[in-house]
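Below is one structure; the comments refer to it alone.
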Amino acid sequence: MTTSADYGYADYQDLAADLPFRRLPDLADRRLGAGVLAANDELFAERENLLLPTPARFQPHTFGPKGQLMDGWETRRRRGAGTDRPHPDAEDHDWVLVRLGLPGVIHGVVVDTAHFRGNHPQRISVEAVELPGTPGPEELLAPTTRWQQIVAPGAVRGHAANAFEVTERRRFTHLRLKQYPDGGIARLRVHGESRPDQAWLAALGTFDLAALEHGGSVEDASDRFFSPPVNLILPGRSREMGEGWENRRRRDGGHDWVRLRLAGRAVVRAVEIDTANYVGNAAGWAAVLGFDASGGGDPADPADGGWFELVPRTLLQPDTLHRFLVPAAAGARAASHARLDVFPDGGVARLRLHGSLVGPAPEPLA
């Protein structure tokens with residue numbers, strides 16, 4: 001979560017800080033394959049900056065041929081139709097097309113105008129569409145493409161994270177962000193639930209059931225102090241400690257945990273626990289449990305005894321990829337959820353749960 005401390009300016013306002021959708025992954029994360037396909041204008045600052053995973057930075061008095069170099073997307077000043085109408089019309093706007101890294105159900109959008117103060121837009125709106133394959137700008141902008149507005153035109157503040165909740169619970173693949181009439185936006189975040197192509201998953205057969213790109217998600221965790229638990233299910237290996245899940249040091253005799261919803265009801269056959277880049281702060285021991293909620297049980301209820309063991313409590317080594325075959329008895333049981341327990345605390349970079357679906361993908365969250 002971005003705060004004023006990230007930007008070094010006390011007047012930065014995070015207007016989305018307490019909204020529940022901020023805990024959902026960013027479907028427009030560049031690391032997940034998202035991209036900015038086109039924009040009608042990017043004279044002052046490039047459109048690609050919108051999806052950079054890092055907070056926007058500002059260096060005073062760094063000028064190029066077109067003015068101050070800004071870490072965001074910034075368009076030229078719009079003008080009216082002529083001498084008698086110098087101001088742009090109310091509906092005049094600039095636009096940018098975004099391909100989501102993960103198609104999914106969007107719960108909220110954050111339009112971050114960090115460091116854009118007198119040059120931020122007055123309003124924004126967001127439209128979305130679901131299209132198969134990998135359409136380009138021509139197909140997205142074709143008259144036959146049916147865009148749906150998911151964020152109505154609304155005011156935004158400068159140098160702030162502006163939040164917009166989305167109530168439409170459909171799957172989308174692409175967005176069109178509009179800013180009225182012009183201006184600069186530093187970052188775009190699109191929080192929601194991944195909904196991959198089910199035909200693709202069926203063709204794969206065996207895959208990582210916890211992976212964000214396959215529809216897995218983090219439901220809850222005991223601690224998010226140093227880094228978010230969603231990092232556990234991101235693609236690829238982590239490159240540094242900040243790209244895994246690390247909790248604070250426990251002083252109460254308990255242990256830390258992460259609860260996951262799998263891509264669907266499935267059988268888990270193999271587990272990977274990677275402590276890459278955690279040396280003196282890796283988790284000491286770990287266990288992995290499964291839970292089948294298809295019978296009406298509640299994995300969030302501590303009193304529910306439906307959890308069963310996939311990997312028993314096992315000693316972990318620092319900075320190491322651990323691989324475990326699930327015992328035959330546990331491997332024959334289907335699970336809709338999984339839980340990683342670490343003892344007593346510590347960092348884990350990635351968790352992989354390899355197996356096959358035996359049921360449909362879960363319904364979107366309410």
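Residue pairs meeting the ring pair (Phe, Tyr, Trp, His ring centres under 6.0 Å) criterion with at least one partner in residues 178-221, sequence neighbours excluded, are F21-H191, H93-Y180, F207-H214. Each side-chain hydrogen bond (donor to acceptor under 3.5 Å, both in side chains) pair with one or both residues in residues 231-241, not counting sequence neighbours, appears once here: R237-D274, S238-N277, R239-E243.
With a 4.5 Å cut-off on side-chain heavy atoms, I106 and L175 count as touching. L262 has its side chain out of reach of H337: every pair of non-hydrogen atoms, C-beta onward, lies at least 4.5 Å apart. No side-chain heavy atom of L232 sits under 4.5 Å from any side-chain heavy atom of R350.
Using modelled atom types and a 3.5 Å distance limit, the side chains of S222 and D256 yield a donor-acceptor pair.
Between the T145 side chain and the E139 main chain, a donor and an acceptor come within less than 3.5 Å of each other. Between the side chain of D92 and the backbone N or O of D89 there is at least one donor-acceptor pair closer than 3.5 Å. With H174 contributing its side chain and F172 its backbone, the two residues share no donor-acceptor pair below 3.5 Å.
Other cluster members for L97: L37, W95, V129, L131, L140, L141, W147, joined by side-chain heavy-atom distances under 4.5 Å among Ile, Leu, Val, Met, Phe, Trp and Tyr. In the hydrophobic clustering (ILVMFWY side chains linked at under 4.5 Å, chained through shared members), M241 is joined by Y278.
Ion pair R76/D182 not flagged as a salt bridge, since none of the NZ, NE, NH1 or NH2 atoms sits closer than 4.0 Å to an Asp/Glu carboxylate oxygen. Under 4.0 Å is where a charged nitrogen must lie from a carboxylate oxygen, and between R249 and D345 no such pair does.
The shortest non-hydrogen separation linking F116 to A186 is CE1-N, 3.6 Å.
E127 pairs by the salt bridge (charged side-chain N to carboxylate O under 4.0 Å, His left out) definition with R176, K178, not counting sequence neighbours.
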Side-chain polar contacts of residues 306-316 - donor-acceptor pairs under 3.5 angstrom, sequence neighbours left out - could you list them?
from	atom 1	to	atom 2	distance (Å)
T314	OG1	P312	O	2.6

